[in-house]
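These notes concern the structure reproduced below.
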Amino acid sequence: MPSQLPLITGLVVAVAMMAAPASADALKDEIAPTGKLRVAIAISPAGGAFWCTKTETGYAGVPVDLGKAMAAQLGVPIEYVVHQNSGQIADAASKGTWDVTLLPKDPERETRMTFGPIYEVADATYIVRPGSTVTNFASLDQPGVKVAAVNNTTTMRGAIAHLKNAKVTGYQTYDEIFSLLKSGEVDAFALSRDQLNAMAKKIPGTRVLDETFKQTVTAVAVPLNHPLSAAFASKFMTEATADGTLRKAYDNNGLKDTPIRTQTK
């Protein structure tokens with residue numbers, strides 16, 4: 001029997017060596033079926049932990065940096081699939097046009113994609129137009145008040161649930177709402193506080209309300225029924241949070257003073 005040990009040991013090693021590439025190939029076939037890792041991103045001038053910006057050489061943003069790191073770990077090229085907002089990304093989840101994304105999570109979206117660890121928690125509130133007398137949620141939530149939100153987003157759904165009298169209307173792009181707010185054609189805009197604070201600096205006379213109506217969580221996600229992709233994305237984000245990759249992505253994209261929040265209060 002002892003004489004068979006070298007043979008058995010050799011077989012175990014051989015099987016292990018064969019299984020590892022097979023597993024890697026299976027993951028690549030599922031998460032990068034086109035040979036590239038297609039990362040869905042949403043573009044606006046705002047930047048931040050979710051939004052990305054267009055640059056002279058391509059795109060910039062936390063999801064851009066994280067997507068690049070994921071592709072490098074997989075050993076495949078990267079391709080960014082551009083959308084106008086997170087709602088469009090969610091709508092495309094079943095169409096096979098992207099492989100992985102990083103976007104705000106809510107119960108509606110959990111029926112359409114598989115989410116991994118949260119990497120950002122943002123406080124959602126409202127910014128009011130220049131010259132507005134609105135100072136809090138109570139004075140905002142009045143009949144005839146027009147509130148804008150990015151269409152089909154978790155923040156829009158939260159604003160609709162929060163406001164009982166004001167009318168919430170969805171628009172496709174951040175830029176469109178920016179112009180409407182600046183001209184006074186809408187009374188307020190619902191978005192994350194960090195984004196609205198940046199907007200307030202660009203539109204004199206606006207005010208960001210102090211209260212918070214919702215905490216929006218942002219996480220990595222893959223289309224449904226992609227178990228290998230989901231496991232890889234979850235492991236990647238857990239490690240990225242622990243080893244400083246996420247912190248570096250924040251720092252590289254104007255968020256050096258923004259703490260990383262992975263849990264709601």
Side-chain angles (χ1 to χ4, degrees), residues 27-44 46-54 58-74 76-122 150-157 172-174 191-192 195 216-241 245-246 249-250 252-253 255 260 262:
L27 171 60
K28 286 184 182 181
D29 287 346
E30 183 182 285
I31 200 169
T34 64
K36 298 179 180 179
L37 182 67
R38 298 170 298 170
V39 180
I41 59 174
I43 299 296
S44 88
F50 160 65
W51 292 98
C52 300
T53 57
K54 182 79 172 71
Y59 304 100
V62 172
V64 169
D65 288 3
L66 293 176
K68 192 179 299 181
M70 274 190 262
Q73 195 171 115
L74 288 164
V76 298
I78 191 162
E79 178 184 337
Y80 297 107
V81 184
V82 176
H83 301 78
Q84 292 180 312
N85 57 58
S86 62
Q88 290 184 354
I89 296 174
D91 287 343
S94 62
K95 298 178 181 177
T97 56
W98 57 261
D99 305 310
V100 66
T101 190
L102 302 109
L103 82 171
K105 166 186 174 181
D106 66 14
E108 192 276 338
R109 288 180 180 171
E110 287 183 284
T111 66
R112 296 197 276 171
M113 56 192 98
T114 303
F115 284 88
I118 295 167
Y119 73 91
E120 186 219 16
V121 180
V150 179
N151 195 49
N152 194 23
T153 60
T154 182
T155 304
M156 179 176 172
R157 285 188 282 275
Q172 284 298 325
T173 69
Y174 174 103
L191 199 64
S192 69
Q195 303 297 316
T216 300
V217 298
T218 305
V220 67
V222 300
L224 290 177
N225 303 315
H226 286 63
L228 299 178
S229 303
F232 168 81
S234 292
K235 183 173 183 289
F236 172 87
M237 286 304 303
T238 299
E239 292 174 350
T241 303
T245 299
L246 179 58
Y250 268 54
N252 288 346
N253 290 284
L255 300 172
I260 291 173
T262 58

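The shown structure was predicted, so the numbers you read here are calculated from the model rather than taken from an experiment.
Atom CG of Leu224 is separated from atom OG1 of Thr111 by 7.5 Å, given to the nearest 0.5 angstrom. Rounded to the nearest 0.5 angstrom, Ile89 CD1 and Asn152 CG are separated by 11.5 Å. Distance check: Lys54 NZ to Tyr80 OH gives 12.5 Å after rounding to the nearest 0.5 Å. Distance check: Thr53 OG1 to Ile43 CD1 gives 6.5 Å after rounding to the nearest 0.5 Å. The CG atom of Asn85 sits 10.0 Å away from the OG atom of Ser44 when rounded to the nearest 0.5 Å. Separating the OH atom in Tyr59 from the CG atom in Asp65 is a distance of 15.0 Å, to the nearest 0.5 Å.
Nearest approach of Ser86 to Pro104, heavy atoms of both residues: CB-CD, 4.1 Å. When every heavy atom of Asn151 is checked against every heavy atom of Gln172, the shortest pair comes out as ND2-NE2, 3.4 Å. Across every non-hydrogen atom of Met113 and Ala93, the tightest pair is CE-CB, 4.2 Å. Nearest heavy atoms, Ala219 versus Gly116: CB-O, 3.6 Å. For His83 against Ala40, the heavy-atom pair with the smallest separation is CE1-CB, 3.8 Å. Scanning all heavy atoms of the two residues, the minimum distance from Ile41 to Pro63 falls at CG2-CB, 4.2 Å.
Residues Leu37 and Val100 have side chains in contact (heavy-atom distance under 4.5 Å, counting atoms from C-beta outward). Two residues are said to be in side-chain contact when any heavy atoms from C-beta on lie closer than 4.5 Å; Phe50 and Thr216 fail this criterion. Proximity of Leu246 to Leu66: side-chain heavy atoms (C-beta onward) are separated by under 4.5 Å at one or more points. Using a 4.5 Å cut-off on side-chain heavy atoms (C-beta onward), Val150 and Trp51 make contact. Between Arg38 and Thr101 there is no side-chain heavy-atom pair separated by less than 4.5 Å. Taking the side chain as every heavy atom from C-beta outward, Leu103 and Arg109 approach each other to under 4.5 Å. You'll find the side chain of Val220 stays beyond 4.5 Å of the side chain of Tyr119, heavy atoms only. Looking only at side-chain heavy atoms (C-beta outward), Lys28 and Phe232 stay at 4.5 Å or farther from each other.
Judged by distance alone, with hydrogens and angles left aside, the side-chain atoms of Glu30 form a donor-acceptor pair with the main-chain N or O of Ser229 at under 3.5 Å.
Partner of Met70 under the side chain to side chain contact (heavy atoms under 4.5 Å, CB included) criterion, chosen from Asp99, Val39, Val76, Leu102: Leu102.
Counting heavy atoms of neighbouring residues, nucleotides and ligands inside a 6.0 Å radius, atom NZ of Lys235 does not exceed 12 of them.
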